[in-house]
S.K.: 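One structure, as structure tokens, below. Some questions next.
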Amino acid sequence: MRFLYQLSIFLYGLLLRLIAPFHPKAKLWVAGRKGLLKRIEQTVEKGQEYIWFHFASLGEFEQGRAVMEQIKAKYPSEKIIVTFFSPSGYEVRKNTALADYVFYLPEDTARNAERFVELINPKFAVFTKYEYWYFYFRALKRRQIRLLMISAIFRENQLFFKQYARFYRNILKLVSYFFTQNMESVHLLKWIGISNAGLAGDTRFDRVVELPKEHKDIPEVKAFANNHPVLVAGSTWPADEVLLKELLEKHKTWKMVLAPHEIHEEHILQILKLFPNALRFSQFNTYSNSQIAQAPVLIIDNIGMLSSLYAFGQIAYIGGGFGVGIHNTLEAATYGIPVVFGPKYEKFQEAKDLIEIGAGFSISNAEELNQVFNAMLVEAKRIPAATAAKNYVQQRAGATQIIMKYLETEKLLK
């Protein structure tokens with residue numbers, strides 16, 4: 001099984017290198033790792049201990065952000081290194097003030113892991129949610145460096161819980177402590193003999209609960225909305241955008257702020273074919289007042305604004321539910337607006353919770369989307385849904401404090 005793991009790492013890297021000339025994300029992934037260990041050696045301060053935070057991508061960064069903010073606020077002398085697996089995280093947060101250094105994570109090979117851990121000299125390491133890398137975990141264990149998993153979540157159908165997957169269970173056993181999102185995860189870990197786990201909750205709640213207080217005023221969005229009711233569609237993919245086109249054709253008085261997940265030019269042009277009268281945020285200053293007034297859609301062709309955009313909406317649509325899975329519903333829910341998304345949400349506890357309390361709605365086609373939208377036009381239905389969404393976020397904050405108490409009690413912070 002270990003051989004298959006190593007082979008999969010090799011083949012994944014080989015595939016990305018082969019397609020890099022034709023695929024922008026693959027190109028960034030490959031370029032970011034070229035000569036990486038040498039660059040790290042020349043960059044980091046030798047002999048300094050660092051707290052190492054690793055994130056798969058941007059969503060996981062936002063998940064762990066509250067913990068980093070707390071450490072920076074209470075222990076400003078601590079040094080932090082952040083690594084990302086995906087360009088989607090690295091390219092957006094490579095200049096974050098929360099970290100002293102930000103790098104891509106070198107591929108998980110025995111040589112890379114040993115060298116990387118030696119170079120950054122972690123005081124302790126914090127991984128978020130899903131990321132389990134055998135050689136990095138082994139390198140930390142060999143040096144008796146504590147490894148914490150925060151916002152961890154497990155499901156019975158995962159590979160770790162298959163009888164034939166002893167190798168993957170052994171990866172979990174290299175973790176010092178799991179802070180889980182729910183009790184089901186604690187029970188599943190105990191079922192395979194791992195007892196160093198406890199319920200803390202999801203650290204994303206601690207981050208998103210602050211968003212309404214911190215959101216940016218965006219004059220362009222305000223001018224576009226101009227007192228119209230607004231649907232904010234976040235992290236959309238082509239399958240979502242086709243449904244949203246049909247929806248807007250039925251609701252002419254509404255405007256839509258559309259923030260696609262992919263903002264490369266090919267996708268933006270594809271969206272403009274669906275919505276010929278749409279405006280591009282990057283070109284907003286070139287439009288006349290009449291164009292702005294008449295436009296039904298504003299396309300956000302940049303990254304980093306979405307968490308502030310929901311402040312302008314009465315209803316949110318979250319993309320990804322017709323692909324591998326929905327994106328972040330909590331960033332919308334925290335503003336107290338109903339949340340609509342596609343059918344692939346089973347892996348996301350918060351989506352299931354929002355549905356259960358009447359604040360979230362899953363749809364499978366254009367007809368269902370229109371039915372939910374029509375229901376939310378009625379204030380007697382929309383306002384209770386909105387209130388339930390906001391209360392849900394506020395009541396589940398607190399995971400960061402549990403983690404901070406552990407770090408302080410175990411004297412990992414000074």
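Since the structure is predicted, the reported quantities are computational estimates derived from the model, not experimental observations. In what follows, every heavy atom counts, from backbone to side chain, and hydrogens, waters and symmetry copies are set aside.
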S.K.: Counting C-beta onward and ignoring hydrogens, is there a side-chain heavy-atom pair between S362 and I355 closer than 4.5 Å?
M.R.: yes
S.K.: Going through the checks in order, is the side-chain contact (heavy atoms from CB on, under 4.5 Å) test met by Y90 and V82?
M.R.: CA-CA 9 Å; Y90 177 83; V82 164; over 6 Å; no
S.K.: For residues 108-130, pull every pair meeting ring-ring contact (aromatic ring centres under 6.0 Å, His included), keeping only residues two or more places apart or in separate chains.
M.R.: W52-F116, W52-F127, H54-F127, F116-Y136, F127-F137
S.K.: Is the distance between the ring centroids of F373 and W254 under 6.0 Å?
M.R.: yes
S.K.: Does any N or O in the side chain of R169 come within less than 3.5 Å of the main-chain N or O of K162, such that one atom is a donor and the other an acceptor?
M.R.: yes
S.K.: Quick check: closest heavy atoms across L98 and R65, and the distance to 0.1 Å?
M.R.: CD1-CG, 3.7 Å
S.K.: Return the minimal non-hydrogen interatomic distance between G358 and A385, and the atom names on each side.
M.R.: O-CB, 3.3 Å
S.K.: Measuring centre to centre across the rings, with the benzene-like ring taken for any Trp, is Y134 within less than 6.0 Å of F167?
M.R.: yes
S.K.: How would you list all residue pairs meeting salt bridge (charged side-chain N to carboxylate O under 4.0 Å, His left out) that involve residues 127-154, not counting sequence neighbours?
M.R.: E114-R142, E114-R143, R146-E410
S.K.: Less than 4.0 Å between a side-chain N and a carboxylate O, is that true for E184 and K352?
M.R.: no
S.K.: Measuring centre to centre across the rings, with the benzene-like ring taken for any Trp, is F85 within less than 6.0 Å of W133?
M.R.: yes
S.K.: To the nearest 0.5 Å, how far apart are CZ in F10 and CG in L14?
M.R.: 5.0 Å
S.K.: Which word best sums up how the rings of Y132 and F178 line up, parallel for under 30°, tilted for 30 to 60°, or perpendicular for over 60°?
M.R.: tilted
S.K.: Would K255 count as a cation-pi partner of F224, with NZ or CZ less than 6.0 Å from the six-membered ring centre and within 45° of the ring normal?
M.R.: yes
S.K.: Are L269 and E266 packed together at the side-chain level, in the sense that at least one heavy-atom pair is separated by less than 4.5 angstrom?
M.R.: no
S.K.: Taking the side chain from Y101 and the backbone from I40, do they hold a donor-acceptor pair closer than 3.5 Å?
M.R.: no
S.K.: Looking only at atom types and distance, does a side-chain atom of D301 sit under 3.5 Å from a main-chain N or O of S282, one as donor and one as acceptor?
M.R.: yes
S.K.: So, for Y164 and M1, which heavy atoms are closest and what is the spacing to 0.1 Å?
M.R.: O-CE, 3.4 Å
S.K.: Using every non-hydrogen atom in the two residues, find where P260 and I268 come nearest and quote the distance to one decimal.
M.R.: CG-CD1, 4.1 Å
S.K.: Counting only N and O atoms by type, is there a donor-acceptor contact under 3.5 Å from the side chain of N196 to the main-chain atoms of V175?
M.R.: yes
S.K.: In Å and rounded to the nearest 0.5 Å, what is the OG to CD1 distance from S176 to I145?
M.R.: 10.0 Å
S.K.: Quick test of your reading of the model: are K72 and E78 salt-bridged, counting only N-O distances below 4.0 Å?
M.R.: no
S.K.: With sequence neighbours left out, which residue pairs that include part of residues 387-414 fulfil the ring-ring contact (aromatic ring centres under 6.0 Å, His included) condition?
M.R.: Y177-Y406, F179-Y406, F205-Y392
S.K.: Does A99 offer a backbone N or O that forms a donor-acceptor pair with the side chain of T96 under 3.5 Å?
M.R.: no
S.K.: For the side chain of T180 and the backbone of N182, is there at least one donor-acceptor N/O pair under 3.5 Å apart?
M.R.: yes
S.K.: Between the side chains of E41 and R115, is the shortest nitrogen-to-carboxylate-oxygen separation below 4.0 Å, so that they form an ion pair?
M.R.: yes
S.K.: List the steps, then state whether side-chain hydrogen bond (donor to acceptor under 3.5 Å, both in side chains) holds for T334 with K390.
M.R.: CA-CA 5 Å; T334 192; K390 185 164 189 149; over 6 Å; no
S.K.: Throw together a table of side-chain donor-acceptor distances under 3.5 angstrom for residues 307-317, partners on residues two or more places apart or in other chains.
M.R.:
from: S308; atom 1: OG; to: K216; atom 2: N; distance (Å): 3.0
from: Q314; atom 1: OE1; to: V230; atom 2: N; distance (Å): 2.5
from: Y317; atom 1: OH; to: D240; atom 2: OD1; distance (Å): 2.7

S.K.: Would you say T128 and F53 make side-chain contact, with heavy atoms under 4.5 Å?
M.R.: no
S.K.: I'd like to know whether T400 forms a side-chain hydrogen bond (donor to acceptor under 3.5 Å, both in side chains) with T203, so could you lay out the CA-CA distance, the side-chain angles of the two residues, the decisive distance to 0.1 Å, and finally the verdict.
M.R.: CA-CA 6 Å; T400 299; T203 50; 5.5 Å; no
S.K.: To the closest 0.5 Å, what do you measure between CD1 (I153) and CD (Q181)?
M.R.: 4.0 Å
S.K.: Which residue pairs pass the salt bridge (charged side-chain N to carboxylate O under 4.0 Å, His left out) test when at least one of the two sits in residues 192-215, sequence neighbours left out?
M.R.: E62-R207, E69-R207, D202-R204, R204-E350, R207-E214, E210-K213
S.K.: Can you find a heavy atom in the side chain of L105 that is under 4.5 Å from one in the side chain of N112?
M.R.: no
S.K.: Please check if the number of heavy atoms outside R155 that lie under 6.0 Å from its CZ is greater than 12.
M.R.: yes
S.K.: So among L258, I218, I263, which one has a side chain to side chain contact (heavy atoms under 4.5 Å, CB included) with F281?
M.R.: I218
S.K.: Can you tell me how far apart CG (L119) and CZ (R39) are? Round to the nearest 0.5 Å.
M.R.: 12.5 Å
S.K.: Please say which of K273, H267, Q270 ends up in a side-chain hydrogen bond (donor to acceptor under 3.5 Å, both in side chains) with E241.
M.R.: H267
S.K.: Given 3.5 Å as the limit, does a donor-acceptor pair link the side chain of R93 with the main chain of G89, or not?
M.R.: no
S.K.: Which pair of non-hydrogen atoms, one from N365 and one from F322, has the smallest distance, and what is that distance?
M.R.: N-CZ, 4.5 Å
S.K.: Just by modelled atom types, is the S364 backbone N or O under 3.5 Å from a matching donor or acceptor in the E368 side chain?
M.R.: yes
S.K.: Please confirm whether the backbone N or O of P212 pairs with a side-chain atom of H215, one donor and one acceptor, at under 3.5 Å?
M.R.: yes
S.K.: For M183 versus L199, what's the shortest heavy-atom pair and its separation?
M.R.: SD-CB, 3.7 Å
S.K.: So, H228 side chain and A225 main chain: donor-acceptor pair closer than 3.5 Å or not?
M.R.: yes
S.K.: Any non-hydrogen side-chain atom of Q371 less than 4.5 Å from a side-chain atom of E367?
M.R.: yes
S.K.: side-chain contact (heavy atoms from CB on, under 4.5 Å) for Y345 and T329? Distances and angles first, verdict last.
M.R.: CA-CA 10 Å; Y345 64 87; T329 56; over 6 Å; no
S.K.: Nearest 0.5 Å, what's the NZ-CD1 distance between K245 and I271?
M.R.: 12.5 Å
S.K.: What pairs with E156 under salt bridge (charged side-chain N to carboxylate O under 4.0 Å, His left out), at least two apart in sequence or on another chain?
M.R.: none
S.K.: Would you say that Y335 contacts L211 through its side chain, given a criterion of any heavy-atom pair below 4.5 Å between the two side chains?
M.R.: yes
S.K.: Enter the distance from Q48:CD to K123:NZ here, rounded to the nearest 0.5 Å.
M.R.: 9.0 Å
S.K.: Report the C-alpha separation of Y5 and D108 in whole Å, then their side-chain angles, then the decisive distance to 0.1 Å, and conclude whether the side-chain contact (heavy atoms from CB on, under 4.5 Å) test is met.
M.R.: CA-CA 10 Å; Y5 177 84; D108 187 30; 2.4 Å; yes
S.K.: Determine whether the aromatic ring centres of residues F341 and F348 are separated by less than 6.0 angstrom.
M.R.: no
S.K.: Between F154 and F160, how do the two ring planes meet: parallel, tilted or perpendicular, split at 30° and 60°?
M.R.: perpendicular
S.K.: Does atom CD (E356) have a neighbourhood of more than 12 heavy atoms from anything else shown, all under 6.0 Å?
M.R.: no
